[in-house]
Amino acid sequence: MAYCSGILRHMSDINRRDFLSTSAAAAAIITPVSLARKQPHARKPRAPVAISSGNGLPAVNKAVELIREGADPVDAIVAGVGIVEDDPNDMSVGYGGLPNERGEVELDACVMHGPSHKAGSVAGLRRIKNPAAVALRVLRLTNHAMLVGEGALEFARGQGFKEENLLTNRAREAWLRWRAELSRTDDWLTEDQQVPNDVVPLRDTSDIPFTEGTIHCSAVDTNGDLAGVTSTSGLSYKIPGRVGDSPIIGAGNFTDNLVGSAGATGRGESVIKSCGAFQVVQHMANGDEPTEACLKALKWIANHTRRGRLRNERGEPNFQVTFYALRKDGAYGSACMRGRRTFAIHDGADGRIERCTPLYE
Ligand code: ASP
């Protein structure tokens, strides 16, 4: 924070040309190399480490297993996340994810590879259940960083990914109920609204599935090489074409091989506007412990949440965001905006679930 605001103050004091020609200043801003070199965390970890969101225990287990077998961390995490994308019971990711307001599943994902500092991303991808693997092909096989919508689908088809219906019966039923409960004056009814005399009972809609899901996974190998991936079906019942933070490099996912890797889940609009994952990595570059780095980025979001609709009676954000951070030396941490959230970690010894540190209780 102090680092960022210091830079902004500095930038307003000098003109752009002077600024860019001042190599010392440019180096300090464009890359945290000098900072990272001074940090003890530039050490390599003794064992591979992988961190993931609470739904990612199979992902961290798989990622560490593959890294041990010699896989590049980026291949290992994409394979790990693929297990959750394939799982029809996870309604926040891949196959079985909750659809947009028209009943279509639209997926977002991005991948970042530390050693090459390359990134690949797809957004609004339909009918392909492994968007993270498609994003990895964008990273490896194109000169681009991001493909969206029809273009992303065409690319995936060309790469041999199988097209299929991603809407499971369970997700379809949730969407039908959500639609029927939207308004009491439209023509959509649920089964039990079909009562005599059009007397529509008051209903509790809190059981309609709505995901605050997504999977993020970051990993580091024993060379200190990092990678990160985030994959999601996005906000449930979103407006078609809505893109969240997950495929936005620097928002839902960011990796700097000199420092660490971070990712986010939760209200994507707030993570985009805060460059969330980038902030977390920058805080680690400045010497913050991973959990502290996550808490600082959450605090920044809280301080910039000005719309009353998004704040509770105490003025705090009323939505969830969770950050996950992995440092180059294998240190890790996670923090959430509030309440009880969990994350998955494999530290080379075993895979387990741990509690995120909440900013607000
Ligand atoms: N971050 C995801 C998005 O905004 C959703 C989530 O994690 O709940 O698309």
Side-chain angles (χ1 to χ4, degrees), residues 51-56 59 81 84-85 87 89-102 104-112 121-126 131-132 134-135 146 148-149 152 166 171 174-175 178 208-218 228-254 262-280 294 297-298 301 305 307 309-310 317-325 334-344 356 358:
I51 188 170
S52 183
S53 35
N55 53 352
V81 158
V84 182
E85 289 174 331
D87 179 358
N89 294 317
D90 191 316
M91 299 179 93
S92 68
V93 180
Y95 179 62
L98 286 170
N100 66 20
E101 67 177 20
R102 272 196 227 132
E104 292 158 326
V105 180
E106 283 184 335
L107 305 177
D108 298 335
C110 86
V111 181
M112 211 158 165
S121 157
V122 288
L125 178 65
R126 296 185 186 171
V134 182
M146 188 168 197
V148 304
L166 303 181
W175 166 67
W178 169 82
I208 298 179
F210 188 95
T211 51
E212 261 182 13
T214 303
I215 182 162
H216 168 76
C217 185
S218 284
V229 59
T230 302
S231 178
T232 190
S233 54
L235 220 57
S236 314
Y237 322 121
K238 60 195 172 186
I239 296 173
R242 178 263 185 190
V243 173
D245 59 315
S246 310
I248 309 285
I249 296 140
N253 186 29
F254 189 73
T265 58
R267 187 173 187 275
E269 283 71 10
S270 297
V271 177
I272 291 173
K273 288 184 287 183
S274 62
C275 302
F278 181 75
Q279 265 205 48
V280 173
C294 296
L298 289 168
I301 291 177
T305 300
R307 279 151 76 189
R309 196 169 68 72
L310 295 175
N318 59 14
F319 52 85
Q320 189 60 272
V321 168
T322 305
F323 286 116
Y324 313 88
S334 172
C336 59
M337 192 63 86
R338 63 178 60 260
R340 300 163 73 86
R341 306 285 295 189
T342 57
F343 66 100
C356 308

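We count ligands from 1, going down the list as the structure has it; atoms in each ligand are counted the same way.
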Please indicate whether any nitrogen or oxygen in [X] is less than 3.5 Å from any nitrogen or oxygen in ligand 1.
X	answer
Gly234	no
Asp108	no
Arg242	yes
Gly268	yes
Glu269	no

> Which value, rounded to the nearest 0.5 Å, describes the distance between Asp108 atom CG and Leu235 atom CG?
Replying inline: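 Interatomic distance, Asp108 CG to Leu235 CG, rounded to 0.5 Å: 10.5 Å.
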>> Could you measure the distance from the OG atom of Ser246 to the CD1 atom of Ile215? Nearest 0.5 Å is fine.
In response: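 Spacing of OG (Ser246) from CD1 (Ile215) equals 11.0 Å.
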> Residues in salt bridge (Lys or Arg N to Asp or Glu O under 4.0 Å) with Glu106, at least two apart?
Replying inline: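 For Glu106 the salt bridge (Lys or Arg N to Asp or Glu O under 4.0 Å) partners, ignoring immediate neighbours, are Arg126.
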> Do Tyr324 and Thr230 have side-chain heavy atoms sitting under 4.5 Å apart?
Replying inline: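 Sidechains of Thr230 and Tyr324: no contact.
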>> Any non-hydrogen side-chain atom of Ser334 less than 4.5 Å from a side-chain atom of Thr322?
In response: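 Sidechains of Thr322 and Ser334: in contact.
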> Where does Lys238 meet ligand 1, judged by heavy-atom distances below 4.0 Å: at the side chain, the backbone, both, or neither?
Replying inline: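 It is neither; nothing of Lys238 touches ligand 1.
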>> Any donor-acceptor pair under 3.5 Å linking the side-chain atoms of His216 with those of Thr214?
In response: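 No.
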Of all the atoms in ligand 1, which lie at a distance below 4.0 Å from a heavy atom belonging to [X]?
X	answer
Leu235	9 (O)
Thr265	7 (O)
Asp245	1 (N), 2 (C), 3 (C), 4 (O)

> Do the ring planes of Tyr237 and Trp178 sit parallel (below 30°), tilted (30 to 60°) or perpendicular (above 60°)?
Replying inline: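 Answer is parallel, since the angle falls under 30°.
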